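Each chain gets a letter, A, B and so on, in the order its sequence line appears, and its residues count up from 1. Keep in mind that this is a model prediction, so the values were computed, not measured.
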Number of protein chains: 2
Amino acid sequence: MHRSEAERTVVIADDHAVVRSGLRNILSSLQGVRIIGEAANGLEAIAYGKRYQPSMMTLDAGMPMCNGMEVLGEVRRWSPRTRVCVVTGFTSVGSLSDWRSAGVDGLFLKSSEPAELREGFSRILAGSTYLQHDIRCLLDDRQQVVELTLRERQILHQVTLGLSNAEIAEKLSISPKTVDNHRSRLMAKLGVHSVAQLVAYALKEGLLEPARQA
Amino acid sequence: MHRSEAERTVVIADDHAVVRSGLRNILSSLQGVRIIGEAANGLEAIAYGKRYQPSMMTLDAGMPMCNGMEVLGEVRRWSPRTRVCVVTGFTSVGSLSDWRSAGVDGLFLKSSEPAELREGFSRILAGSTYLQHDIRCLLDDRQQVVELTLRERQILHQVTLGLSNAEIAEKLSISPKTVDNHRSRLMAKLGVHSVAQLVAYALKEGLLEPARQA
DNA sequence: TCTCGAATAGGGTGTGGACCTCATGCGGGA
DNA sequence: TCCCGCATGAGGTCCACACCCTATTCGAGA
C-alpha cells in the first residue's frame, strides 16, 4: 500500500478493450507509471480502487454494471487519495459540466491527441487538475446551460423511459397534475414543444445510459 | 501501389485518438502489417482509401463528417480490393445486421479482447471474413428482428427529430393521414405505445447519429 | 393470372398531453 | 421580516395522436 515517490500506480477502467489498450499505450510511456489493473466495468473499477488504492484511475463515462458517476463516488469514499480522471466520448455540455461539478481531477475527450493525454495525465499525477482544451472551449461558450432542478431531472428521465404522466406520478408518489406541471416547465426551459423533442434532447445530452443492451 | 506478399498495408479510421492508438498497438503486433495512415473522420478515411488503396481499413461506425456506412460505399467504389472491417461500440442488433448486410469483411465490438481482434484481423488479411463472437451471438438470438420498410424508417427518423405528423407529411410530400398510418404500423411492429418509447427505441437502436455536437 | 405486401389516402373516436391560470407550504437569502 | 424559487396540487381548453376501420394503386412473385 505504501508507494515510493518514483512509482505511481494506475488503474484503467473502460468497457472497450481497445480503448484500454490505447490508454495503456499512452500511460506506459510516462516515467514511473505502473499500470496495476484494467477494469471492464464499473464494479470491477470500484473493487480495484478499494483494494489497491491506486495513485490514479482513468474512468470511462458510460460503463456497464455501474456508471462512471457512481464509480467516482465509491472511489472517493474508499480511496480518497486516488486521482480520478474521466475519459469520455460524450461531447454534450450537460454531462461535461456534471463531471466537472462532481469534482474529477481530469476530464478528457476520447478524441484527444495522445500528446495532450500524456500532458494531462502527468499533471494530474503531479497533483494538479487538468481540463482538456476542447472541453474548456465547449464549457466556455455554453450559451445558456439550462439549469434543471432535481425533480425536473427525475421527471425527464422517466419520460425518456416512455412512461406516461400517470405512471410517473405513481412511481414518484405525486399527483399526475404535478408531473404535468414539471413537464411543462421542463419543456419551456429546454425550448422544446413535444415529447419527441424532449426525449431526443435528453438522450443527446447524455442524461440516459448510452445505447447498449448486451 | 504494388504490394508484396509479405507486406500488408492498413489504414485506421476512428475519431477517437485513444482508440486509434489501441488499434495501432494490436495491429502492429501482427506479422507483415504496416500502418500507413490514421483517419480521424469519414472524409479523411475516404481520401486515404482512394490514395493508398490499402490492404485493409478499420472503420469506426460513428464518425463525424461522414458516417461509416458512407465511407464503406466510397471505399468499395474507389478501392474494391481493400478489406474493410468495422469496429463499433454499438451493440444494437439493428445496426449490426445493417453492417453485415452492407457486406463488410469484418465486424467487431470495441469491447473485444485484443487477442480476438488480432485473430480476426489476420483472418481478414488472409482473405476470409470474420464476425466477432459476441456479435454472432447477438445476431443469432435476434428474437424478432423487426423488419421496417424504407418509408417506415424515414418516418421514424423524422419523428425522432421532433417533427409532427403534419410537418413530416409536408417534408415527404404525402398526406398527414398516411404519416399517421405508417406511424401506427411502426409502433405496432416495435411494440411501443407512445412517441417517447418510439424515440427512445430509435435512438437506442442507433438509427440516429450518436450524441455529439462538437 | 391471382395474390400479397407496400404505399397511398380517408373516416371516426377517445385520450393523453401541451399550455394556461391559480393556490399553498417550505426553505433560504436580503 | 419579506420575497423568491422550488415542489406540490388543481381548474380548464384544445389539438395531436394512438388505434380502429376501408379502399386504391402498383410491382413482385407464385
inquiry  = If the threshold is 4.0 Å, N to carboxylate O, is there a salt bridge linking B/K177 and B/D180?
reply    = yes
message = Testing B/V104, B/D105, B/T129 one by one against B/I124 for a side-chain contact (heavy atoms from CB on, under 4.5 Å), which residue passes?
response = B/D105
message = Whole angstroms only, please: what is the CD1-P distance between A/I168 and C/dG16?
response = 13 Å
query = Is there side-chain contact between A/L117 and A/F108, with heavy atoms separated by less than 4.5 Å?
reply = yes
request  = Report the distance from atom CG of B/L198 to atom C1' of C/dG16, rounded to the nearest whole Å.
outcome  = 16 Å
query = Does a side-chain heavy-atom distance below 4.5 Å link B/L107 with B/Y130?
reply = no
inquiry  = Tell me the interatomic distance from B/L172, atom CG, to C/dA6, atom C1', rounded to whole angstroms.
reply    = 15 Å
remark   = Taken to the nearest whole Å, CD/A/Q158 to C1'/C/dG17 is 17 Å
query = Can you tell me if the side-chain N/O atoms of B/N165 get under 4.0 Å from OP1 or OP2 in D/dC17?
reply = yes
request  = Return the nearest nucleotide to the side chain of A/R151; candidates are D/dT8, C/dG17, C/dT8.
outcome  = D/dT8
inquiry  = From the set C/dT8, C/dG17, D/dT8, return the single nucleotide nearest to any side-chain atom of B/T178.
reply    = C/dT8
query = Are A/Q53 and A/Y48 close enough that a side-chain donor and a side-chain acceptor fall under 3.5 Å?
reply = no
query = Could you write nucleotides 19-25 of chain C as a row of B, S and -, 5' to 3', where a protein heavy atom under 4.0 Å of any base atom gives B, of only sugar-phosphate atoms gives S, and otherwise -?
reply = B------
query = Taking NE2 from A/H182 and C1' from D/dA10, how many angstroms apart are they, rounded to a whole number?
reply = 14 Å
request  = Figure out the CZ/C1' separation between B/R183 and C/dG16, and round it to whole Å.
outcome  = 13 Å
request  = Only one of A/V11, A/L59, A/V84 passes side-chain contact (heavy atoms from CB on, under 4.5 Å) with A/V75; say which it is.
outcome  = A/V84
Spacing between A/L156 atom CG and C/dA18 atom C1', to the nearest angstrom = 16 Å
message = Rounded to whole Å, please give me the gap between CG in B/L186 and P in C/dA6.
response = 13 Å
message = Given 3.5 Å as the limit, does a donor-acceptor pair link the side chain of B/R83 with the main chain of B/G127, or not?
response = yes
